[in-house]
Student: 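I have a structure I would like to understand better, so I am pasting it below and will then ask my questions one at a time.
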Number of protein chains: 2
Amino acid sequence: MAGSTIYDVAAAASVSIKSVSRVLNGEPNVSEALKAKVGKAVEELGYRRSLSARGLAGSSSSVIAALVDAGMTIEHWRSGSGNDYLSRLELGVLMELRQVDYHLMVEMVDYASPTLSRDLAALLSSIRPEGVLLTPPNSDLTVVLDVLDASGVAYARLGAEHELDRGTLVSMDERQAARDMTEHLIALGHRRIGFIGGPAVYSASRLRLEGFMAAMQTHGLEVPDDCLAEGDFTFAAGVAGVKRLLGAERAPTAIFGACDDMALGAIQGAVAVGLRVPDDLSVAGFDDSPSAMFSNPTLTTIRQPVAEMAAAAVQRLTPPLRARLSQEDQTAAVVVPYRLVARASTAAPPPG
Amino acid sequence: MAGSTIYDVAAAASVSIKSVSRVLNGEPNVSEALKAKVGKAVEELGYRRSLSARGLAGSSSSVIAALVDAGMTIEHWRSGSGNDYLSRLELGVLMELRQVDYHLMVEMVDYASPTLSRDLAALLSSIRPEGVLLTPPNSDLTVVLDVLDASGVAYARLGAEHELDRGTLVSMDERQAARDMTEHLIALGHRRIGFIGGPAVYSASRLRLEGFMAAMQTHGLEVPDDCLAEGDFTFAAGVAGVKRLLGAERAPTAIFGACDDMALGAIQGAVAVGLRVPDDLSVAGFDDSPSAMFSNPTLTTIRQPVAEMAAAAVQRLTPPLRARLSQEDQTAAVVVPYRLVARASTAAPPPG
DNA sequence: CTGAAAGCGCTAACAC
DNA sequence: GTGTTAGCGCTTTCAG
């Protein structure tokens with residue numbers, strides 16, 4: 001029942017196994033009659049080629065490995081604050097892969113491991129994936145790229161910023177998005193705006209900060225040091241960040257958090273000291289995590305198109321999907337559009 | 001670099017490939033000297049056995065397949081409301097698997113597909129996983145279990161309720177948890193409590209409803225029909241649900257949503273008609289999704305131990321991990337403890 | 001305690 | 001157009 005092989009199919013169709021293989025692989029020079037015979041036999045037996053056997057014999061393993069960051073994932077889970085980055089990523093991947101009989105393997109990688117290079121090499125030589133999907137901060141680690149290059153796998157880098165000639169690039173314009181959000185706050189009338197940044201390992205942290213600074217500068221607005229805080233992308237960091245910013249010499253009327261969790265923390269921190277959001281203080285985030293839409297007030301944020309980026313990456317990583325793309329699309333770096341989602345946490349500054 | 005094989009290791013250690021295999025598999029009757037030699041060679045070459053080859057040759061594929069529901073996953077993504085069930089599940093799985101060189105494959109399964117049985121059989125015969133992790137509602141579908149049994153794979157069922165003699169069972173006491181939450185509301189002083197239930201395919205929906213009803217009955221409290229609403233686990237359903245319940249002949253002073261998304265929807269729906277939560281209306285949820293802790297007010301809910309359940313399942317699905325468990329633990333159904341998390345969305349009913 | 005040989009179910013050269 | 005023959009890198013008999 002569970003175990004028909006290519007020989008069974010060949011026998012049922014009275015052809016050679018090579019013919020079966022040819023049909024299954026969509027190779028050229030196959031008669032319609034053959035296709036039909038084989039198709040029928042496959043159908044009747046409910047036959048599927050063994051992933052293991054294909055991986056072993058051929059060059060294609062039909063497996064895409066997604067490397068996700070262990071630290072942040074574990075942290076999110078322990079703190080209970082969760083995060084749907086993973087879900088969104090996988091959804092994007094799975095929606096594409098299901099079309100082509102490829103499969104997803106998820107691996108946690110600890111970028112802080114002293115043996116990262118070895119760990120990764122071991123992983124690759126064991127799995128031999130056909131493509132690797134790199135998420136931040138792994139996308140930007142030279143060690144990681146080196147191992148990948150040495151092993152010869154194709155890989156896509158989500159949100160990479162350095163060494164842009166390596167691998168397939170898929171990202172969104174973080175800098176411009178941060179700039180847009182800052183402009184949004186400025187347009188509302190804010191002049192003193194604080195920023196809570198993320199950890200330096202994440203390229204996005206720097207880009208978002210840059211976007212913020214650029215917009216402020218464009219409008220001739222100053223950003224004193226005490227209007228800048230740094231966090232580690234957690235809710236608690238947002239609480240701490242807002243505390244710092246509100247203690248500034250001239251406290252900001254708006255705060256832009258480099259991620260939703262921190263922005264949400266900022267809201268809570270502000271409410272805790274008696275401020276009303278957005279009446280007394282506007283708060284904006286970045287990511288559009290689910291919590292952003294359920295928080296009170298709902299959070300103005302940037303929708304990071306994680307699933308779309310993952311889908312684009314996978315399309316370029318799997319030969320059958322890649323073939324559907326134009327020559328241009330196959331090689332060019334992909335920049336997926338984002339969206340500013342204005343919700344209730346931002347408004348005009350208080351008249352004071 | 002990327003391609004050392006068992007032959008390379010054997011050569012480097014001047015032994016036969018079988019000896020290498022024996023050491024790697026921890027088989028008995030191996031001299032310390034041999035172990036050392038092989039270990040050294042493996043170390044130096046950075047050798048890892050090929051997953052494909054092992055899967056093909058042996059009976060063990062070292063792959064655990066997690067079957068997640070396509071419909072709900074896609075829905076969460078489209079609505080942007082997200083959900084961290086998947087992340088939590090995978091975290092639990094990955095933390096266990098990393099100890100034993102097993103790998104996780106994630107597959108989306110559409111339980112509503114007319115060809116579900118075929119789809120699944122095809123998937124299994126292609127992947128040949130060593131264990132399958134079933135999430136609701138797949139855990140409780142006879143068709144699914146039948147295919148699994150026919151293929152002979154070991155499988156674990158998360159939150160299963162029917163046919164409890166099939167597969168490895170891992171769950172939490174949904175009924176009791178719902179009961180606890182209801183008791184919590186009653187203890188606060190509520191007498192008229194409304195309930196927004198989930199879709200019938202999910203066993204949990206029924207169990208939670210039963211728990212609610214049981215607690216109400218114990219206290220001699222009535223539950224008129226118009227205090228019962230049904231939703232599909234989405235935020236929108238919560239909004240609709242609260243609308244219905246507030247329109248009841250004698251409107252409830254507390255609402256218990258069968259999941260956090262619906263409870264959050266209920267809060268928003270209540271706020272929209274001018275009610276204050278929890279002053280005018282208490283709202284409780286179920287799941288403890290990240291949004292629950294960021295919502296305003298923060299949501300009183302039941303912490304569903306998804307990662308822990310997944311970990312327990314994986315421990316029983318992978319032979320090397322299973323071996324560490326006591327005989328008792330290996331066979332008994334696992335019931336993972338939950339926790340009622342009291343937050344700010346519930347309080348005593350208004351004096352009226 | 002260790003080794004030689006025979007596949008696992010495919011794909012890939014190479015014939016025909 | 002189609003079939004034959006080798007392997008891919010392991011685990012498994014079965015010997016010694």
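Predicted model, so just to flag it, every value in this text is computed and none were measured. Every chain is numbered from 1 and lettered A, B, ... according to where its sequence line falls, protein lines coming before strand lines.
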Student: Could you state the CD1-C1' distance from A:I6 to C:dG9, rounded to the nearest angstrom?
Tutor: 8 Å

Student: Under 3.5 Å, side-chain donor or acceptor atoms of residues 24-34 of chain B against the rest of the protein: list the pairs with distances, not counting sequence neighbours.
Tutor:
from  : atom 1 : to    : atom 2 : distance (Å)
B:N25 : OD1    : B:R49 : NH1    : 2.7
B:N25 : ND2    : B:S21 : O      : 3.0
B:N25 : ND2    : B:S21 : OG     : 3.3
B:S31 : OG     : B:L34 : N      : 3.1
B:E32 : OE2    : B:K35 : NZ     : 3.4

Student: Does anything in residues 110-127 of chain A pair up under salt bridge (charged side-chain N to carboxylate O under 4.0 Å, His left out), and if so which pairs, sequence neighbours excluded?
Tutor: A:R118-B:E43

Student: Rounding to a whole Å, what distance do you find between A:N25:CG and C:dA13:C1'?
Tutor: 15 Å

Student: To the nearest 10°, give me the bend of the helix from C:dC1-D:dG16 to C:dC16-D:dG1, comparing the axes of its five terminal pairs at either end.
Tutor: 30°

Student: Rounded to whole angstrom units, what separation is found between the CZ atom of B:R54 and the C1' atom of C:dG9?
Tutor: 18 Å

Student: Heavy atoms only, 4.0 Å cut-off, all strands: where does A:S52 land among base, sugar-phosphate and nothing?
Tutor: nothing

Student: Considering residues at least two apart in sequence or located in another chain, which fulfil the side chain to side chain donor-acceptor pair (under 3.5 Å) criterion with A:S19?
Tutor: A:S16

Student: Where do N or O atoms of nucleotides 2-5 of chain C meet protein N or O atoms at under 3.5 Å, pair by pair?
Tutor:
from  : atom 1 : to    : atom 2 : distance (Å)
C:dT2 : OP1    : B:S31 : OG     : 2.9
C:dT2 : OP2    : B:S31 : N      : 3.0
C:dT2 : OP2    : B:S31 : OG     : 3.3
C:dG3 : OP2    : B:S16 : N      : 3.2
C:dG3 : OP2    : B:S16 : OG     : 3.1
C:dG3 : OP2    : B:S19 : OG     : 2.5
C:dG3 : N7     : B:R22 : NH2    : 2.7
C:dG3 : O6     : B:R22 : NH2    : 3.4

Student: Go through it in stages, so that I can follow the logic: the residues are B:E163 and B:T142, the test is side-chain hydrogen bond (donor to acceptor under 3.5 Å, both in side chains), and I'd like the CA-CA distance, side-chain angles, deciding distance and then a yes or no.
Tutor: CA-CA 8 Å; B:E163 308 181 73; B:T142 303; 2.7 Å; yes

Student: Heavy atoms only, 4.0 Å cut-off, all strands: where does A:S60 land among base, sugar-phosphate and nothing?
Tutor: nothing

Student: Between C:dA13 atom C1' and A:E27 atom CD, what is the distance in whole Å?
Tutor: 12 Å

Student: Any salt bridge (charged side-chain N to carboxylate O under 4.0 Å, His left out) pairs touching residues 138-147 of chain B, not counting sequence neighbours?
Tutor: B:D140-B:R157, B:D146-B:R166

Student: Please identify each residue that fulfils side chain to side chain contact (heavy atoms under 4.5 Å, CB included) with B:L317, with sequence neighbours left out.
Tutor: B:I64, B:A154, B:A156

Student: Could you list the residues that satisfy side chain to side chain contact (heavy atoms under 4.5 Å, CB included) with A:V306, not counting sequence neighbours?
Tutor: A:Y85, A:R88, A:L89, A:Q304

Student: List in chain and number order the residues that pass salt bridge (charged side-chain N to carboxylate O under 4.0 Å, His left out) with A:R22, two or more places apart in sequence or in another chain; answer none if no residue qualifies.
Tutor: none

Student: Which nucleotide of DNA chain D is the first, and which the last, in the 5' to 3' direction, to come under 4.0 Å of a heavy atom belonging to chain B?
Tutor: D:dG9 to D:dT12

Student: Could you list the residues that satisfy side chain to side chain contact (heavy atoms under 4.5 Å, CB included) with B:V336, not counting sequence neighbours?
Tutor: B:V170, B:P305, B:E308, B:M309, B:V334

Student: Over all heavy atoms of both residues, which pair between B:P319 and B:Y102 is shortest? Give the atoms and the distance, please.
Tutor: CD-OH, 3.6 Å

Student: Residues in side chain to side chain contact (heavy atoms under 4.5 Å, CB included) with A:L325, at least two apart?
Tutor: A:Q315, A:R316, A:D329, A:Q330

